[in-house]
2 protein chains.
Amino acid sequence: MEDEVDRLVAAWRRERPDLDVEPLEVLSRVSRLARHLDRARRLAFSEHQLEPWEFDVLTSLRRAGAPYQLSPGQLLTQTLVTSGTMTNRIDRLTKKGLVERLPDPSDRRGVLVRLTPEGRDRADEALAGLLAQERAILAQLSRAQRGELAALLRRLTAPFDNVPG
Amino acid sequence: MEDEVDRLVAAWRRERPDLDVEPLEVLSRVSRLARHLDRARRLAFSEHQLEPWEFDVLTSLRRAGAPYQLSPGQLLTQTLVTSGTMTNRIDRLTKKGLVERLPDPSDRRGVLVRLTPEGRDRADEALAGLLAQERAILAQLSRAQRGELAALLRRLTAPFDNVPG
DNA sequence: ATCGAGTATCTTGAAATCAAGATATATTTC
DNA sequence: GAAATATATCTTGATTTCAAGATACTCGAT
């Protein structure tokens with residue numbers, strides 16, 4: 001089945017036959033798929049009165065394990081937003097009673113963000129819903145194909161995730 | 001090489017062994033890679049004094065071919081933003097002299113957005129730079145692997161791109 | 001001990017996005 | 001051909017994000 005990137009690449013080959021646009025076959029699909037996923041996630045989370053950005057922060061804390069706390073800096077590397085954004089997110093989640101700020105006992109500059117019991121429950125509920133939705137999207141592929149796709153993507157993400165960033 | 005999603009999946013398996021988190025192996029990688037690409041693109045475009053959103057609109061028009069014009073609605077399906085966002089983008093690009101609005105001769109509700117000569121040049125310059133950057137990122141994969149990856153991703157994007165949306 | 005460099009977080013102000021609804025024109029149905 | 005419905009774009013107001021810089025603390029070298 002054709003997709004929008006097929007049309008986009010064909011258009012470039014017509015308009016700019018001098019350029020090799022092969023990279024777009026992969027990376028435009030990644031960007032566009034991510035936008036589609038964002039929309040789908042927004043819809044899925046609205047059933048739980050959660051925004052995608054709230055989910056990202058809450059689940060980062062959730063999977064850290066008891067006592068469900070991380071520094072803002074650790075949350076940055078998980079969510080790939082800027083520090084100003086994270087401060088703002090923590091403020092808003094604190095107001096909603098889903099997380100709380102604690103002083104870091106080992107570094108007086110630092111802060112720890114901890115999930116409240118309600119925050120933990122909300123994260124768990126929303127995760128189950130998300131996984132169901134994602135499974136439906138991935139039903140287009142066999143198990144083996146999903147494994148292959150994950151492995152190929154890992155080769156592209158690893159350089160970003162490991163070095164500076 | 002391990003990436004952040006490997007760590008994330010391992011953490012979920014420890015914390016929620018009751019859940020099957022396999023979908024995250026693919027889709028979390030897609031979302032995270034898209035964010036990394038956004039950052040990289042922002043950097044690459046800043047050499048040309050272009051924002052990613054400007055690039056997206058200008059190149060959509062550019063690859064439509066002469067006379068380089070599309071309706072706002074067509075631009076929506078290319079860029080996956082809401083109509084309010086697109087109106088705002090067209091306003092700002094018009095102020096910068098990179099596009100202009102024309103009445104649609106065949107539909108009086110409609111508008112056509114046309115690239116100016118300067119807009120066209122800016123799009124062409126930035127595209128070359130982007131392709132160079134993307135080629136470097138994709139150097140992690142062989143040509144065959146890139147083809148495989150593109151084909152697998154197409155199966156996921158096609159349902160979004162073709163039906164309702 | 002003190003200096004200086006490095007690190008962690010927060011503040012600020014501008015810019016961009018979205019959802020929802022308003023307006024104007026087209027198209028279909030009867 | 002009038003009414004009802006659908007479509008295309010724009011407007012509005014609130015929310016979210018980012019870049020840049022400020023603040024406060026830590027740590028190693030002298």
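Here is the naming used below: chain letters follow the sequence lines, and residue numbers restart at 1 for every chain.
- Distance check, rounded to the nearest 0.5 Å: CZ of Arg13(A) to CG of Leu8(A) gives 10.5 Å.
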Hey, can you pull the donor-acceptor pairs under 3.5 Å for the side chains in residues 120-132 of chain B, sequence neighbours left out?
unit_1	atom_1	unit_2	atom_2	d
Arg120(B)	NH1	Tyr68(B)	OH	2.6
Arg122(B)	NH1	Glu118(B)	OE2	3.3
Arg122(B)	NH2	His48(B)	O	3.1
Arg122(B)	NH2	Gln49(B)	O	3.0
Asp124(B)	OD1	Arg16(A)	NH1	3.0
Asp124(B)	OD1	Arg62(B)	NE	2.9
Asp124(B)	OD2	Arg62(B)	NE	3.3

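- Distance CG (Asp38(B)) to P (dA16(C)): 14 Å, rounded to an integer number of Å.
- Listed by chain and number, the residues in a side-chain contact (heavy atoms from CB on, under 4.5 Å) with Ala11(A) are Arg14(A), Arg63(B) (sequence neighbours excluded).
- Within residues 75-100 of chain A, the residues having any heavy atom closer than 4.0 Å to DNA chain C are, in order of number, Ser83(A), Gly84(A), Thr87(A).
- For Thr87(B), the side-chain contact (heavy atoms from CB on, under 4.5 Å) test picks out Asp91(B), Arg101(B), with sequence neighbours left out.
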Taking protein heavy atoms under 4.0 Å as touching, what does nucleotides 1-8 of chain D look like 5' to 3' if B marks base contact, S marks sugar-phosphate-only contact and - marks none? ------BS

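- For Arg108(B) and dT9(D), the shortest distance from a side-chain N or O to OP1 or OP2 is not below 4.0 Å.
- Contact annotation: Arg101(A) side-chain N/O to dC10(C) OP1/OP2 distance is under 4.0 Å.
- Between Trp53(B) and the phosphate of dT17(C), there is no side-chain N or O to OP1/OP2 separation shorter than 4.0 Å.
- Atoms CD (Glu51(B)) and P (dC18(D)) sit 12 Å apart, rounded to a whole Å.
- Between the CG atom of Asp104(B) and the P atom of dC10(D) there is a distance of 12 Å, rounded to whole Å.
- Here Pro105(A) pairs with Leu112(A) under the side-chain contact (heavy atoms from CB on, under 4.5 Å) rule; sequence neighbours left out.
- Judged by a 6.0 Å distance limit and a 45° cone about the ring axis, Arg7(B) is not positioned over the six-membered ring of Trp12(B).
- The nearest whole Å value for the distance from the CZ atom in Phe45(A) to the C1' atom in dC18(C) is 17 Å.
- Put simply, the residue from Leu27(B), Val21(B), Val26(B) that forms a side chain to side chain contact (heavy atoms under 4.5 Å, CB included) with Glu134(A) is Leu27(B).
- Going from atom CG of Leu43(B) over to atom P of dC18(D) covers 15 Å, rounded to whole Å.
- In this entry the distance linking CG of Leu70(A) with P of dA8(C) reads 14 Å, nearest Å.
- Remark: the Thr82(B) side chain and the Thr85(B) side chain contain an N/O donor-acceptor pair separated by less than 3.5 Å.
- Side chains of Thr157(A) and Asp3(B): a donor-acceptor N/O pair is present below 3.5 angstrom, by distance only.
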